[in-house]
J.: 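Below are the structure tokens for one structure; questions will follow.
Just so we're clear, the structure is a prediction, and the values are computed from it rather than from any experiment. Residue numbering restarts at 1 for every chain, and letters A, B, ... go by the order of the sequence lines.
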There are 2 protein chains.
Amino acid sequence: MPRGRLTAADVVRAGAELADEIGYQDLAMGALAQRLGVRAPSLYKHVDGLDDLRRRIAVLAMTELGEVVRAAIQGRAGTDALASFARAFGAYITAHPGRYTATIGAEVSGPGDELYDASARVLESMAAILRGYGVEEDEMVHALRTLRCLFHGYAALHTANGFQWSGDTDESFDWMIGFVDRGLRVRPPGPEGVQDRR
Amino acid sequence: MPRGRLTAADVVRAGAELADEIGYQDLAMGALAQRLGVRAPSLYKHVDGLDDLRRRIAVLAMTELGEVVRAAIQGRAGTDALASFARAFGAYITAHPGRYTATIGAEVSGPGDELYDASARVLESMAAILRGYGVEEDEMVHALRTLRCLFHGYAALHTANGFQWSGDTDESFDWMIGFVDRGLRVRPPGPEGVQDRR
DNA sequence: CCATAAAGCTAATCCGATTAGCCGAGCGCC
DNA sequence: GGCGCTCGGCTAATCGGATTAGCTTTATGG
């Protein structure tokens, strides 16, 4: 029954593109409206203000990221899956720094929340990788969080240019992945007492 | 030659406290002025606007963090140093979420930049730890960045409440540290070819 | 004591987000 | 084949916070 031109999805997509181009910090209703050939107030017919727009961009980003990494690990396992995941992840944040930045500060409530669910899908891919390494269920949560910290930290530092990771960044990224790979492949044998208290 | 009451340091300190209390997002000139018993425009005599204030808070945070972790690893080495560092780091970001958030988005240029230098001091502590593990110089950069990603990611997710890490967060944190510790203690023997290309 | 520069203040400006309320266009239905 | 309804856009206005301009006060140091 609608009629017109823009849809909420259009606005969010354009917002994401704009954020990627000019930087998340400078994302503004006015600029977005202009890009869409519309006046700022009109956007409020589609999104519920700037905060809502930001959150929707975060959801979009996390959703896209989830799809990308899911595809990347398809049919792979172990080292192969991890490397492929990492490559896909790195490529995404490099191609879409604005989008990813949107996810960094976003508040996440709990199940049912779109952003939570989208994040959960990404985590599910990570979990699949870890299962492939034979990580026990009781360690899964911890290993998952460790991976998350690593990738999120990388993304955050990378998108914020957080330490002229220019040039040899990729090399460090690969080293990092190699480090995790080794760590995960060493332990499966069994929970032998490698000291671990506090 | 000066005269009065406030100093730039006072303003920054109060801003940091305010950010810790009400959240970095809500840090505003007006609110800060009020807390200092002064009108908003007066703050401009001490800091060069909101962006400058934010950056100074980031510098303060990174500086404090540097001191805290340096103290934590004093006289320790290996696993002990890593654990102590981690504990100090975790305690700092928990006690000062606003401050740390300020560092997350801040732009870092290069040597000479206060924030860069403060970050470098934190990294130096990390490097000291890694040296204690016998990490080779040619891997140092990569190992350093890996640690940085891990801790930064942890901090970012933690301060943003990025996945109800309520309760058992500490346990995961310890697991993460244990994982790194194992990884670092395994390799020193020599760069045997554990696959590492691309 | 007086000249001065720093530190505050008030009033004013700017800008971007947001709200209020009006308007034209397609569409379902009679 | 026209009528009213709803949607999407628009203009004008409001709001709020940051920032600027320019005045005032005060302590200090000569």
Side-chain angles (χ1 to χ4, degrees), chain A residues 1-60 98-99 101-107 115, chain B residues 1-60 98-99 101-107 115:
Chain A
M1 62 238 35
R3 177 274 329 242
R5 309 220 296 102
L6 289 181
T7 68
D10 291 334
V11 173
V12 174
R13 183 162 25 255
E17 284 166 15
L18 187 57
D20 285 337
E21 288 170 25
I22 68 176
Y24 184 70
Q25 291 306 322
D26 297 332
L27 179 64
M29 297 300 268
L32 178 54
Q34 187 164 28
R35 154 176 294 235
L36 288 167
V38 133
R39 299 313 182 88
S42 303
L43 298 181
Y44 289 77
K45 288 287 163 67
H46 305 290
V47 298
D48 197 19
L50 186 56
D51 286 342
D52 181 47
L53 172 65
R54 288 184 177 139
R55 159 157 287 261
R56 284 173 189 241
I57 291 175
V59 172
L60 172 67
R99 283 160 158 85
T101 302
T103 72
I104 292 181
E107 299 274 320
L115 186 52
Chain B
M1 58 261 19
R3 180 252 0 212
R5 308 216 296 103
L6 289 181
T7 69
D10 291 334
V11 173
V12 175
R13 184 160 27 252
E17 284 166 14
L18 188 57
D20 284 338
E21 288 170 25
I22 68 176
Y24 184 70
Q25 292 306 321
D26 296 333
L27 178 65
M29 297 300 267
L32 177 54
Q34 186 164 28
R35 153 176 297 234
L36 289 167
V38 132
R39 298 313 182 89
S42 302
L43 298 180
Y44 289 77
K45 287 288 161 68
H46 305 290
V47 297
D48 198 20
L50 186 56
D51 286 343
D52 180 47
L53 173 65
R54 289 186 178 137
R55 159 156 286 262
R56 284 172 189 242
I57 290 175
V59 173
L60 172 67
R99 282 160 158 86
T101 302
T103 73
I104 293 181
E107 299 275 319
L115 186 52

J.: Where the side chain of A40(A) is defined as all heavy atoms beyond and including C-beta, which of dT18(C), dG16(C), dT19(D) is the nearest nucleotide?
T.: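 Of all the options, the side chain of A40(A) is nearest to dT18(C).
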J.: Provide, to the nearest angstrom, the distance between the OH atom belonging to Y44(A) and the P atom belonging to dG21(C).
T.: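 After rounding, the gap between these two atoms is 17 Å.
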J.: Does the side chain of R5(B) reach to within under 4.5 Å of the side chain of V38(B), using non-hydrogen atoms?
T.: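 Yes, close enough: below the 4.5 Å cut-off.
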J.: Just to verify, which of V12(B), I57(B), V47(B) counts as forming a side chain to side chain contact (heavy atoms under 4.5 Å, CB included) with D52(B)?
T.: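 Answer to the side chain to side chain contact (heavy atoms under 4.5 Å, CB included) test with D52(B) among V12(B), I57(B), V47(B): V47(B).
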J.: Please report, rounded to the nearest Å, how far the C1' atom of dT20(D) is from the CG atom of L43(B).
T.: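 Checked: the CG to C1' distance equals 14 Å.
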J.: Side-chain N or O of H46(B) less than 4.0 angstrom from OP1 or OP2 on dA6(C)?
T.: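 So the side chain of H46(B) is outside the cut-off, no N or O lying under 4.0 Å from OP1 or OP2 of dA6(C).
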J.: I want to verify a distance call: between dT19(C), dG8(C), dT19(D), whose nearest atom is closest to the L6(B) side chain?
T.: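 Nearest to the side chain of L6(B) among the choices is dG8(C).
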J.: Rounding to an integer number of Å, can you tell me how far L27(B) CG sits from dG17(D) C1'?
T.: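 Distance check: L27(B) CG to dG17(D) C1' gives 12 Å.
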J.: Can you measure D10(B) atom CG to dA7(C) atom P for me and round it to whole angstrom units?
T.: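 It is 11 Å, rounded to the nearest whole Å.
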J.: Strictly below 4.0 Å, N to O, side chains only: are R54(A) and E107(A) in salt-bridge contact?
T.: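 No salt bridge links R54(A) with E107(A).
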J.: In whole angstrom, give the distance that lies between atom CG of L50(B) and atom C1' of dT19(D).
T.: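 Taking CG of L50(B) and C1' of dT19(D), I get 11 Å after rounding.
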J.: Side-chain N or O of S42(A) versus OP1/OP2 of dG8(D): is the shortest distance under 4.0 Å?
T.: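 Looking at the OP1 and OP2 atoms of dG8(D), neither is under 4.0 Å from any side-chain N or O of S42(A).
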J.: Strictly distance-based, threshold 3.5 Å: is any side-chain N or O of D26(A) a donor or acceptor partner for the main-chain N or O of A19(A)?
T.: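 It does not hold such a pair.
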J.: K45(B) side chain: which of dT18(C), dA7(C), dG9(D) is closest?
T.: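 When the side chain of K45(B) is considered, dA7(C) is the closest of dT18(C), dA7(C), dG9(D).
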J.: For R39(B) and dT20(D), give me the distance from atom CZ to atom P, rounded to whole Å.
T.: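 Rounded to the whole Å, the gap is 19 Å.
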J.: Can a salt bridge be assigned to the pair E17(B) and R99(B) using a cut-off of 4.0 Å between side-chain N and carboxylate O?
T.: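 Salt bridge: no.
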J.: When you measure from the side chain of M29(B), which nucleotide among dG16(C), dT19(D), dG9(D) comes out closest?
T.: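 Looking only at side-chain atoms, M29(B) lies closest to dT19(D).
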J.: Report the distance from atom CG of D26(A) to atom P of dG16(C), rounded to the nearest whole Å.
T.: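 Atom-to-atom, D26(A) to dG16(C), this comes out as 11 Å.
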J.: Check every atom of dA18(D), dT19(C), dA11(C) against the side chain of P41(B) and return the nucleotide holding the closest atom.
T.: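 Of the candidates, dA11(C) comes closest.
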J.: What is the distance, to the nearest angstrom, from the CG atom on L36(A) to the P atom on dG8(D)?
T.: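 After rounding, the reported distance stands at 14 Å.
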